[in-house]
S.K.: 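Pasting a structure below so you can have a look.
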Amino acid sequence: NNNIIAPGNFEGKYRNDSDVEEIVDLAANSLLNKLIRKSLVESPHNVEVLQRDPTSPLYSVKTFVELHLKPELLQGVYAMGFNRPSKIQETALPMMLADPPQNLIAQSQSGTGKTAAFVLAMLSRVDPLKKFPQCICLSPTFELALQTGEVIEQMGKYCEGVKIVYAIRGNRPLKGTYIDAQIIVGTPGTVMDWCFKLKLIHLEHIRVFVLDEADVMIGVQGYTDHSVRVKRAMPENCQMLLFSATFEDTVWCFAERIVPDPNIIKLKKEEMTLDNILQFYDACANREQKLQALCNIYSTFTIAQAIVFCQTRKTAKWLACEMLKDGHMVELLSGELTVTDRAIIIQRFREGREKVLITTNVCARGIDVQQVSVVVNFDLPLNTDGLIDFETYLHRIGRTGRFGKKGIAITLVEKCCVYMLHDIEEHFGINIKRLNTRNVDEIE
Ligand code: ADP
């Protein structure tokens, strides 16, 4: 769809051109990841397993057949195009499906197959003949709950008699309504209301309690407490499963409140490195000169694809408009866009239909765009103290040069700030060479 944003007209959809830096919106990023994901994210690492009972044998499976699923569920799995379990599923699924049920905490980056795994676990444990709630899955947002529900509906499409219901805002059954769906997917606040205020769900029949995206959940005010409240009312033998893409101490503390005696599975993320990246800088007098520099090197980086990072939305929008005026095709990806619009832009970029993406830190974080060969820092990544934000520098340029390919990073810096580049060089033990953007042959 070419009409998403007409070239030269970034006004319509980009209303709020505030000059403040964007705040990381984990939920939006997570949704975005789901919308643009078409396949599994592979990890070069092996899973780490911490068993509650280290003496019990550890099973892992290489096929879905080995799990002895109900035939209609296996059919659903194959219909989704899953041929074999993902790395995390190989170990997690036997644990999740074991009898007696075992509790599990699993951490791996988004896209590694966690959702598919717990959906499979819920569907394998429900009894379609019993017309009352048996599984509850908590998600951090309305949209994420819908995404999970979609996977349940897809995987469970041959499981006759299995129904799901969404406990999300706007979906409020009347008090006294009888819920005959076996699976409830919702956000913590609404699920809590359905359980305690409206008394729609009898928790004593719940057999599986899933808490998805725990790392996002802890960022939402009140959600951890709501989740814990729901969890406390669960029967003793209810299986508790908790998933997270990251595992800081805060997530860990929360996980311990939700999941007693857990097995723990972790899958490390591929490390970002700067090894394969040639790093350059050019010193400019002001932002107009930086713009000129960018226009000069534009033809070089459209050979492949480039991402240009700005510190604020306002700069990003200004830059996109100026470059268009100058006749350069660019696309603007900014946090003001709805997640759906962002997903469309990223998809077009991935398909190679957009060559140059101008964006802010937050937006492109966590998005894996493997074909990018040039990253431009239009602004130095700074933290709130005005010092170099090394992590963001790594995130911005660490996405290029993957899988042994060479990547190029170019930082445009005001003359007065050139000294700050030494901090980067020192921190990463690298060398950033001067590049004359008025003589672009150097890059080629
Ligand atoms: P996560 O919950 O960790 O983000 P998902 O379960 O959403 O990961 O899986 C990521 C993508 O991989 C989805 O598109 C999903 O359909 C697909 N997927 C999941 N498990 C498998 C599998 N075993 N084989 C192939 N594709 C899979």
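Since the model is a prediction, treat every value here as computed from it, not as a measurement. For reference, positions follow the sequence shown, starting with 1. Note that ligands are numbered from 1 as they come in the structure, with each ligand's atoms numbered from 1 the same way.
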S.K.: Tell me, please: is Phe243 in heavy-atom contact with ligand 1, that is, under 4.0 Å?
M.R.: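 No, Phe243 has no heavy atom closer than 4.0 Å to ligand 1.
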
S.K.: Write out the residue and atom name of the closest protein heavy atom to atom 19 (C) of ligand 1, then the distance separating them to 0.1 Å.
M.R.: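 Checked against all protein heavy atoms, atom 19 (C) of ligand 1 sits closest to Phe82 CZ, 3.5 Å.
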
S.K.: For ligand 1, which atoms, with element, lie under 4.0 Å from some heavy atom of Leu40?
M.R.: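 Here the atoms of ligand 1 in question are 12 (O), 18 (N), 19 (C), 20 (N), 21 (C), 22 (C), 24 (N), 25 (C), 26 (N), 27 (C).
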
S.K.: Atom NZ of residue position Lys131 - does it have more than 12 heavy atoms of other residues, nucleotides or ligands inside 6.0 Å?
M.R.: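 Enclosed.
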
S.K.: Measure the distance from atom 2 (O) of ligand 1 to every protein heavy atom, then report the residue, atom name and distance (to 0.1 Å) of the closest one.
M.R.: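 Among all protein heavy atoms, the one nearest atom 2 (O) of ligand 1 is Thr115 OG1, 2.5 Å.
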
S.K.: Under 4.0 Å from any heavy atom of Arg84, which atoms of ligand 1 are there?
M.R.: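 In order of number, 22 (C), 23 (N), 24 (N).
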
S.K.: Would you say Thr315 and Thr312 are linked by a side-chain donor-acceptor pair, where the criterion is simply a distance under 3.5 Å?
M.R.: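 Thr312 vs Thr315: donor-acceptor pair found between side chains.
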
S.K.: Do Arg84 and Phe64 form a cation-pi contact, if we require the NZ or CZ to be under 6.0 Å from the six-membered ring centre and within 45 degrees of the ring's axis?
M.R.: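 No, cation not above the ring by the 6.0 Å, 45° rule.
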
S.K.: State the atoms of ligand 1, each with its element, that fall below the 4.0 Å cut-off from a heavy-atom position in Ser86.
M.R.: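 The atoms of ligand 1 under 4.0 Å from a heavy atom of Ser86 are 23 (N).
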
S.K.: Judged by non-hydrogen atoms, does Gln89 sit under 4.0 Å from ligand 1?
M.R.: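 It does; at least one heavy atom falls under 4.0 Å.
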
S.K.: Does the side chain of Ile183 reach to within under 4.5 Å of the side chain of Leu123, using non-hydrogen atoms?
M.R.: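 SC-SC contact between Ile183 and Leu123 confirmed.
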
S.K.: Is any N or O atom of Ser108, backbone or side chain, closer than 3.5 Å to an N or O atom of ligand 1?
M.R.: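 No, since none of the N or O atoms of Ser108 sits under 3.5 Å from an N or O of ligand 1.
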
S.K.: If you count the non-hydrogen atoms of other residues, nucleotides and ligands that lie under 6.0 Å from CG in Asp249, is the total more than 12?
M.R.: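 No, the 6.0 Å shell around CG holds no more than 12 heavy atoms from other groups.
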
S.K.: Of the protein's non-hydrogen atoms, which lies at the shortest distance from atom 8 (O) of ligand 1, and what is that distance?
M.R.: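 Protein heavy atom at minimum distance: Gly113 N, 3.0 Å.
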
S.K.: Strictly distance-based, threshold 3.5 Å: is any side-chain N or O of Asp385 a donor or acceptor partner for the main-chain N or O of Leu387?
M.R.: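 No; judged by distance alone, with no hydrogens or angles, the pair does not exist.
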
S.K.: Short list, please: which atoms of ligand 1 are under 4.0 Å from a heavy atom of Ala116?
M.R.: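 Selected atoms, number and element: 6 (O), 19 (C), 20 (N).
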
S.K.: How far is atom 4 (O) of ligand 1 from the closest protein heavy atom, and which atom is that?
M.R.: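 Protein heavy atom at minimum distance: Gly111 N, 2.6 Å.
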
S.K.: Considering the heavy atoms of Phe64, write down every atom of ligand 1 situated less than 4.0 Å from one of them.
M.R.: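 In order of number, 23 (N).
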
S.K.: Is there a donor in the side chain of Arg125 and an acceptor in the side chain of Gln239, or the other way round, less than 3.5 Å apart?
M.R.: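 Distance-only check passes for Arg125 and Gln239.
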
S.K.: Under the criterion ring pair (Phe, Tyr, Trp, His ring centres under 6.0 Å), I'd like the reasoning laid out for Phe118 against Phe243: C-alpha separation, chi angles, the key distance, then a yes or no.
M.R.: CA-CA 9 Å; Phe118 70 71; Phe243 300 86; 5.1 Å; yes

S.K.: What protein heavy atom sits nearest atom 13 (C) of ligand 1, and how far away is it?
M.R.: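 Here the nearest protein heavy atom works out to Arg37 CG, 4.4 Å.
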
S.K.: Supply the atom-to-atom distance Ile408 CD1 to Leu278 CG, rounded to the nearest 0.5 angstrom.
M.R.: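 The CD1 atom of Ile408 sits 6.0 Å away from the CG atom of Leu278.
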
